[in-house]
Novice: 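This is the structure I have questions about; it appears just below.
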2 protein chains.
Amino acid sequence: MARKTGSHSEITGPRIRAAAEHLFARHGYAAVSMRQIAAEVGVQAGALYLYTPDKQSLLADLMRDHLDGLLAACAALPPVNGPEARLDQFARFHIGYHIDRPDAVFVAYMELRNLEPANFTAIEALRRRYENTLEAILRDGRAAGVFAVPDTKLATLALIAMLTGVTNWYREGGRLGRAEVEAIYAAMALNAVGASPLPTR
Amino acid sequence: MARKTGSHSEITGPRIRAAAEHLFARHGYAAVSMRQIAAEVGVQAGALYLYTPDKQSLLADLMRDHLDGLLAACAALPPVNGPEARLDQFARFHIGYHIDRPDAVFVAYMELRNLEPANFTAIEALRRRYENTLEAILRDGRAAGVFAVPDTKLATLALIAMLTGVTNWYREGGRLGRAEVEAIYAAMALNAVGASPLPTR
DNA sequence: GTCTATACGCCGATAGAC
DNA sequence: GTCTATCGGCGTATAGAC
């Protein structure tokens, strides 16, 4: 027990990242000062620079880690057969993953314009890779004749915008439960591309 | 001709608002300084305060004017018969209106968190009124048995998110024309709520 | 109506004590 | 590993000359 006041290296780093994510999501990157982040963690501003070279890296790392996690989780989905089942799975996954990480999602979608060019390019590439996994599903579905989409790129962006919008209103313990929300959005996504809805799971 | 350097009252005000809207959209409210806005207009920073009491009012006024215009334009749509036609009309209107004002839309959707509480409440009420016009269409359609939506509130938010997403990628002179984009989105919206698509106009 | 000058505070980041 | 103290700069907003 009773420990010296110093040496909290293993926990301070993550706490700084968590505080930054929370404050960036709530007030925006530009509106949050390093002093505010430090205060939230309970250290002085100078101590932050033991864990990040500067404020910009803090933002870029948060966004990169979020997108890396998203891509990894998406790649780890169990294989399913047929475009309809794949779109259903993707929609439910997207909703669930985003519902669980509202702050990270908010930062990753809203702070792109505050990234320096090099960081922007890198983050944008990750986002594009994620979109491409959805577009591949839509292309396969169209080729198989089960989706009716005039333009797969447009449909991809429309679906992602619709699904991501869940983070604007969903609150834990609200009127609609998580599984319900996933099911409704998945059904709307399938309908939107002209697929026959899947039987309820 | 040859006019004194002063007295540009009628044009400086709108130019300040236009510059602020553009810069806020591009870099975010918190990241833009009054000095930058003044520089864009070609006046000194102090002169801005002849046209706005402070920076916060500049933001709130931009957002309020945008939403007022949106509501007025929406209310002025010609009447059409039947939920499907009304949803089709709403979707095309929403896409078109948003495509024409990308900066205003961006600011109105992204800078809510930078509004002081009183301004936030007022702006949020306008946004809610707009959403309600869509929800009324969905409720009527469900009552008439032509839309299949488990929850009209959720469907409203999902559709608005999908439609508004167009501003993230649409560019004048791009691969897809404006009418094409409107038609595709409107068809996706109708599909999403389980309506039979309208015959192509 | 616009300018210049300025008040006053907070910003990100660093240096050096402990 | 954290703190205190500090640097130079830029932020919003105002005062007063023209």
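In what follows, chains carry the letters A, B, and so on, assigned in the order in which the sequence lines appear, proteins first and then strands, with residues in each chain numbered from 1. Heavy-atom basis, side chains included; hydrogens, waters and symmetry copies ignored.
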Novice: How close do B:N168 and B:F106 get, counting heavy atoms only, and between which atoms?
Specialist: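 Residues B:N168 and B:F106, closest heavy atoms: OD1-CE1, 4.2 Å.
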
Novice: At 4.0 Å (heavy atoms only), tell me whether A:V41 reaches a base, stays on the sugar-phosphate, or touches nothing.
Specialist: nothing

Novice: Is the distance between the ring centroids of B:F90 and B:Y97 less than 6.0 Å?
Specialist: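 No - the distance between ring centres of B:F90 and B:Y97 does not fall below the 6.0 Å cut-off.
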
Novice: Consider the side chain of B:K55, meaning its heavy atoms from C-beta on, and name the nucleotide among C:dG12, D:dT2, D:dA13 that approaches it most closely.
Specialist: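 Per side-chain heavy atoms of B:K55, the pick is D:dA13.
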
Novice: With nearest nucleotides of DNA chain C determined for A:A31 and A:G46 from heavy-atom distances, which residue corresponds to the more 5′ nucleotide?
Specialist: A:A31

Novice: Among C:dC11, D:dT12, C:dC3, which nucleotide sits nearest the side chain of A:Q36?
Specialist: C:dC11

Novice: Nearest to the side chain of B:Q44, which nucleotide is it out of C:dA13, C:dT4, D:dT14?
Specialist: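 My answer, after comparing the listed nucleotides, is C:dT4.
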
Novice: Can you check whether B:Y51 has a side-chain N or O nearer than 4.0 Å to OP1 or OP2 of C:dT2?
Specialist: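 Affirmative; the distance criterion is met.
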
Novice: Output yes when B:R178 and B:E182 qualify as a salt bridge under the 4.0 Å nitrogen-oxygen rule, no when they do not.
Specialist: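 Yes, B:R178 and B:E182 are salt-bridged.
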
Novice: Between atom CG in B:D54 and atom P in D:dT12, what is the gap in whole Å?
Specialist: 11 Å

Novice: From the list D:dC3, C:dG12, D:dT14, which nucleotide is the closest neighbour of the side chain of A:A47?
Specialist: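 Per side-chain heavy atoms of A:A47, the pick is D:dC3.
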
Novice: What is the distance, to the nearest angstrom, from the CG atom on A:L50 to the P atom on D:dC3?
Specialist: 10 Å

Novice: Should B:S33 be listed as having a side-chain N or O under 4.0 Å from OP1 or OP2 of D:dC10?
Specialist: no

Novice: Taking the side chain of B:R35 as its heavy atoms from C-beta onward, which of C:dT6, C:dG12, C:dG1 lies nearest to it?
Specialist: C:dT6

Novice: Roughly how many Å is it from CG in A:L58 to P in C:dA13, rounded to a whole number?
Specialist: 10 Å

Novice: Any side-chain N or O of A:T12 below 4.0 angstrom from OP1/OP2 of D:dT2?
Specialist: yes

Novice: Can you tell me the distance, in whole Å, between the CG atom of B:L48 and the P atom of C:dT4?
Specialist: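 Distance check: B:L48 CG to C:dT4 P gives 14 Å.
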
Novice: Measure CG/A:L23 against P/C:dG12 and give the value in whole Å, please.
Specialist: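 About 12 Å, once rounded to whole Å.
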
Novice: Give a yes or no on whether a salt bridge exists between A:E111 and A:K55, defined as a side-chain N under 4.0 angstrom from a carboxylate O.
Specialist: no

Novice: Expressed in angstrom and rounded to an integer, what is the separation of B:Y49 atom OH from C:dA5 atom P?
Specialist: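 Rounding to the nearest Å, OH of B:Y49 and P of C:dA5 are 19 Å apart.
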
Novice: Can you tell me the distance, in whole Å, between the NE2 atom of A:H27 and the P atom of C:dC11?
Specialist: 13 Å

Novice: Within this structure, what is the CD1-to-C1' distance between B:I11 and C:dG1, rounded to whole angstrom?
Specialist: 12 Å

Novice: Salt-bridged, A:E131 to A:K153, with N to O below 4.0 Å?
Specialist: yes

